[in-house]
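Here's the structure we're looking at; comments come further down.
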2 protein chains.
Amino acid sequence: MGIVERKEREREEMRRLILGAAQKLFIANGYEKVSIRNIADEIEYSPATIYLYYKDKNELLYALHQRGFQKMVEEFQPILTLTNPFEKLVAMGRSYIQFAVANPELFDLMFIMTAPMETLEKEDWEEGDRAFNLLMQVVQECIDANVFRKQDPQVAAMMIWSGIHGYTALFLRKRMHMFPECDRQQIMDDAFQLFCDTIRRGL
Amino acid sequence: MGIVERKEREREEMRRLILGAAQKLFIANGYEKVSIRNIADEIEYSPATIYLYYKDKNELLYALHQRGFQKMVEEFQPILTLTNPFEKLVAMGRSYIQFAVANPELFDLMFIMTAPMETLEKEDWEEGDRAFNLLMQVVQECIDANVFRKQDPQVAAMMIWSGIHGYTALFLRKRMHMFPECDRQQIMDDAFQLFCDTIRRGL
DNA sequence: TTGTTTACTAAACAGTGTTCAGTAAGTTTG
DNA sequence: CAAACTTACTGAACACTGTTTAGTAAACAA
């Protein structure tokens, strides 16, 4: 009897339905319009039903954050074919920023909002770990190619990620509002370029 | 007749009372416990009264964010007496991180949360501008002292700020949860050190 | 066919920011 | 001093939020 299997499938189907509705609302109207009631309306179920498939809103946001990582990893795929390790690194940084500017709300969910992270209690952040390891690998390639001096790739990767993440976070969270609006993008680009040049020379 | 002056004083007094209560709740219980109703309870007024002194919650949060900057600038004061410009820069970075770790909620309000920034419509972010100029000045000193090569101090300052802000934001928003808890502080410190060494060599 | 499990929901709880009509005290004017 | 006006304040409501619980109807197992 395949009943339990069918039920399992239906359950998975329902989780996808909920998540899909959440994603739709999220992309169309931004984070603040994604309420349990709005999701419930969208799929024509009662709000309480959602709690039968996700423990709470944070868990749902974590699942959405996972979809964000999937999308990001897909977009990063072409870069991995580059042969020059430093160029690869720069391309990754540029893509990180581009992804953030093109999908600000999704990026926010992935790297800034605390809500989705509240679900991880003891176990670690898998999506982050995979993405970080990808970066670390490229840093190692740069070290092997003598672009960077010999050092701990973990620390170097952390430093690079922080550097790139810095503007992105400041920009998205409106912390470049001391500059006139027209200049902001330019300053960000210049600062990114300068960061690349600096680690090229100094790391 | 000094009545309008007295009323003005009383108004200012009331704004301080409200802000003080908000600050108290904020420091004692963190951001999520700071609701208009809680503030009203604290000062023994009705919630509606608060709206006679602050346009909305964002304006109140902006005022709180200003207090944060005051506190931060105070803590930065001793550093400005240092004579070596590069040492001064490193000390500023270290203090930025220390401030964030010691006052995570306040730092969040100052540099991560969007709510307080929603009040600025066309006018720019004064507190940010002042702090950034302070940094830019020190960067200029480093250029003058030939520690850094000749370049646009604005872009260089932006790059440095982003670099430092990066870990801080990632750390506070739980994006170092791929590392075991005991290692996080160490990795952050190492990455900070590496960032300092790198800009020393490459900027 | 009876008994049990599963899937779902209406309604409530406890909170949130914000607005508005109404009141009471303070101030000015005749 | 009394009447008119102004200011300061509040109770109650509005429209939301996440979440829980008791109860129902359908699906399944015995």
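The structure presented is a predicted model; accordingly, all values stated were derived computationally and were not measured. Hydrogens, waters and symmetry mates play no part in the numbers below; they use all other heavy atoms, side chains included.
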State, without any angle test, whether A/Gln186 and A/Asp190 hold a side-chain donor-acceptor pair at a distance under 3.5 Å.
yes
Over-ring placement of A/Arg173 relative to B/Phe111, 6.0 Å and 45° cut-offs
no
Is any NZ, NE, NH1 or NH2 atom of the basic residue among A/Arg9 and A/Glu12 found under 4.0 Å from an Asp or Glu carboxylate oxygen of the other?
no
Here the distance between atom P of D/dT17 and atom NZ of A/Lys57, to the nearest Å, is 8 Å
B/Leu25 CG to C/dT16 P, in whole Å, measures 11 Å
Distance-only side-chain donor-acceptor flag, A/Glu42 / A/Asn38, under 3.5 Å
no
Under 4.0 Å, heavy atom to any atom of DNA chain C: which of residues 41-55 of chain A qualify?
A/Tyr45, A/Ser46, A/Ala48, A/Thr49, A/Leu52, A/Tyr53
Can you measure A/Arg11 atom CZ to D/dA27 atom P for me and round it to whole angstrom units?
19 Å
Establish, for the pair A/Arg94 and A/Phe192, whether the NZ or CZ atom is under 6.0 angstrom from the six-membered ring centre and no further than 45 degrees off its axis.
no
Using whole Å, report how far CD of A/Glu13 lies from P of C/dT6.
20 Å
Figure out the CD/C1' separation between B/Glu59 and C/dT18, and round it to whole Å.
14 Å
In whole angstrom, give the distance that lies between atom CG of A/Leu17 and atom P of C/dA7.
15 Å
Mind checking the CG-CG spacing from A/Leu64 to A/Leu106? Nearest 0.5 Å is all I need.
7.0 Å
Expressed in angstrom and rounded to an integer, what is the separation of A/Ile18 atom CD1 from C/dA7 atom P?
12 Å
Atom CG of A/Leu60 and atom P of D/dT19: how far apart are they, to the nearest Å?
10 Å
With the threshold set at 4.0 Å, does a side-chain nitrogen-carboxylate oxygen contact exist between B/Lys71 and B/Glu74?
no
Just one of A/Phe99, A/Trp125, A/Phe107, A/Phe76 clears the ring pair (Phe, Tyr, Trp, His ring centres under 6.0 Å) bar with A/Phe69, so which one?
A/Trp125
Given side chain to side chain contact (heavy atoms under 4.5 Å, CB included), test A/Ile97 with A/Phe171 step by step and report yes or no.
CA-CA 10 Å; A/Ile97 297 174; A/Phe171 179 77; over 6 Å; no
What are the residues of residues 27-38 of chain A, sorted by number, that bring a heavy atom to within less than 4.0 Å of DNA chain D?
A/Val34, A/Ser35, A/Ile36, A/Arg37, A/Asn38
